[in-house]
Amino acid sequence: SQKIEQNSEALNIQEGKTATLTCNYTNYSPAYLQWYRQDPGRGPVFLLLIRENEKEKRKERLKVTFDTTLKQSLFHITASQPADSATYLCALIVGGSQGNLIFGKGTKLSVKP
Amino acid sequence: GAVVSQHPSRVICKSGTSVKIECRSLDFQATTMFWYRQFPKQSLMLMATSNEGSKATYEQGVEKDKFLINHASLTLSTLTVTSAHPEDSSFYICSADDRATNYGYTFGSGTRLTVV
């Protein structure tokens with residue numbers, strides 16, 4: 001069956017450290033993978049998209065990698081801050097570039113001061 | 001940037017009544033909008049894809065007669081939960097395909113529906 005797994009339901013780290021979140025998928029061949037941030041009681045906010053032919057993408061303190069052989073994406077937040085505390089969702093676009101988004105359950109990140 | 005406005009943010013209704021949720025794209029036209037449902041500590045589950053001027057496409061297991069979707073204009077899609085029951089209580093979120101943001105879909109802020 002097709003699955004998207006974010007291996008940690010929760011991740012607690014100290015301020016200033018790098019947070020690394022993992023997203024694994026099976027039985028998909030996505031052309032794109034996205035990461036979103038969701039705060040409690042709010043809709044997801046788009047952070048980054050990475051294409052299947054891209055190994056790495058950066059945006060300010062964020063870095064995403066995409067390994068289509070391992071079927072895995074890693075999401076890094078460097079120099080983490082308490083304001084980074086939120087749930088982070090990975091999502092695949094299936095059915096072509098304008099297809100549907102399929103989400104993982106998310107990882108709740110808590111950054112302690 | 002692109003903004004999707006969703007109303008209401010919270011609604012409480014009695015069993016058997018209907019509730020309408022609106023989703024508007026404020027500064028762009030959205031030919032396609034998506035409706036999701038999210039239960040606590042669960043991922044967003046796609047319910048249906050709403051296409052302007054045509055019938056919505058529902059995901060397997062979603063009752064189209066219970067969750068009525070109307071996408072009458074390029075900036076507005078509505079979801080009506082008909083004859084609501086307590087098990088319909090959930091967080092409903094819409095999103096729109098905004099190509100300007102490099103394939104990042106723009107989401108509304110969500111609607112917390114509680115059926116009592």
Side-chain angles (χ1 to χ4, degrees), chain A residues 1-10 21 23-25 28 30-54 57-59 62 64 66 75 86-108, chain B residues 1-11 21 23-25 30-52 56-60 62 79 90-114:
Chain A
S1 63
Q2 296 172 316
K3 287 193 297 187
I4 303 174
E5 291 182 332
Q6 293 186 246
N7 64 339
S8 297
E9 189 173 317
L21 285 66
C23 177
N24 295 289
Y25 59 93
Y28 286 113
Y32 307 86
L33 186 145
Q34 301 182 350
W35 284 89
Y36 288 80
R37 169 181 173 144
Q38 187 176 24
D39 290 286
R42 308 290 293 179
V45 175
F46 172 74
L47 295 175
L48 280 168
L49 173 146
I50 188 164
R51 294 176 172 79
E52 60 178 343
N53 61 349
E54 297 176 319
K57 199 143 208 197
R58 292 175 184 261
K59 179 182 176 182
L62 308 180
V64 171
F66 193 13
F75 176 80
T87 296
Y88 291 86
L89 308 169
C90 75
L92 304 179
I93 297 179
V94 296
S97 62
Q98 300 303 320
N100 299 333
L101 276 180
I102 308 297
F103 284 88
K105 287 187 179 181
T107 296
K108 184 175 181 180
Chain B
V3 176
V4 170
S5 175
Q6 186 173 342
H7 292 281
S9 58
R10 289 178 182 272
V11 59
I21 303 170
C23 181
R24 293 179 186 272
S25 57
T31 54
T32 304
M33 289 187 176
F34 304 90
W35 288 95
Y36 292 84
R37 181 166 53 183
Q38 186 178 32
F39 292 106
K41 295 190 177 182
Q42 298 296 313
S43 62
L44 282 77
M45 297 301 297
L46 180 66
M47 299 174 66
T49 301
S50 168
N51 300 297
E52 186 268 335
T57 304
Y58 289 83
E59 295 300 301
Q60 193 172 9
V62 178
L79 168 68
S90 188
F91 192 53
Y92 292 85
I93 312 173
C94 68
S95 77
D97 174 5
D98 173 27
R99 303 182 188 197
T101 60
N102 195 26
Y103 295 105
Y105 291 62
T106 302
F107 284 79
S109 55
T111 298
R112 172 71 60 192
L113 171 64
T114 303

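Because only heavy atoms are used, hydrogens play no part in the values below, and waters and symmetry mates are left out as well, while side chains stay in. Per chain, numbering begins at 1; letters A, B, ... match sequence-line order.
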## Note on the structure
On a heavy-atom basis, the closest approach of A/Gly104 and B/Ser43 is O-CB, 3.0 Å
### Query
Side chain, backbone, both or neither: which part of B/Thr49 has a non-hydrogen atom closer than 4.5 Å to chain A?
side chain
### Query
Looking at side-chain heavy atoms only, is the closest gap between B/Tyr105 and A/Leu101 below 4.5 Å?
yes
### Query
Does some side-chain heavy atom of B/Leu44 sit less than 4.5 Å from a side-chain heavy atom of A/Tyr36?
no
### Query
Is chain B contacted by the side chain of A/Gln38, its backbone, both, or neither, given a heavy-atom distance below 4.5 Å?
side chain
#### Entry: Close side-chain approach of A/Phe103 to B/Gln38, heavy-atom, < 4.5 Å
no
### Query
So do A/Glu9 and B/Lys41 actually touch side chain to side chain, heavy atoms under 4.5 Å?
yes
### Message
Working to the nearest 0.5 angstrom, can you tell me the gap between B/Phe91 CZ and A/Arg42 CZ?
### Response
8.0 Å
### Message
Counting only heavy atoms from other residues, nucleotides and ligands, does the tally under 6.0 Å from CZ of A/Arg37 exceed 12?
### Response
yes
### Summary
Honestly, the part of B/Gln6 sitting under 4.5 Å from a heavy atom of chain A is neither
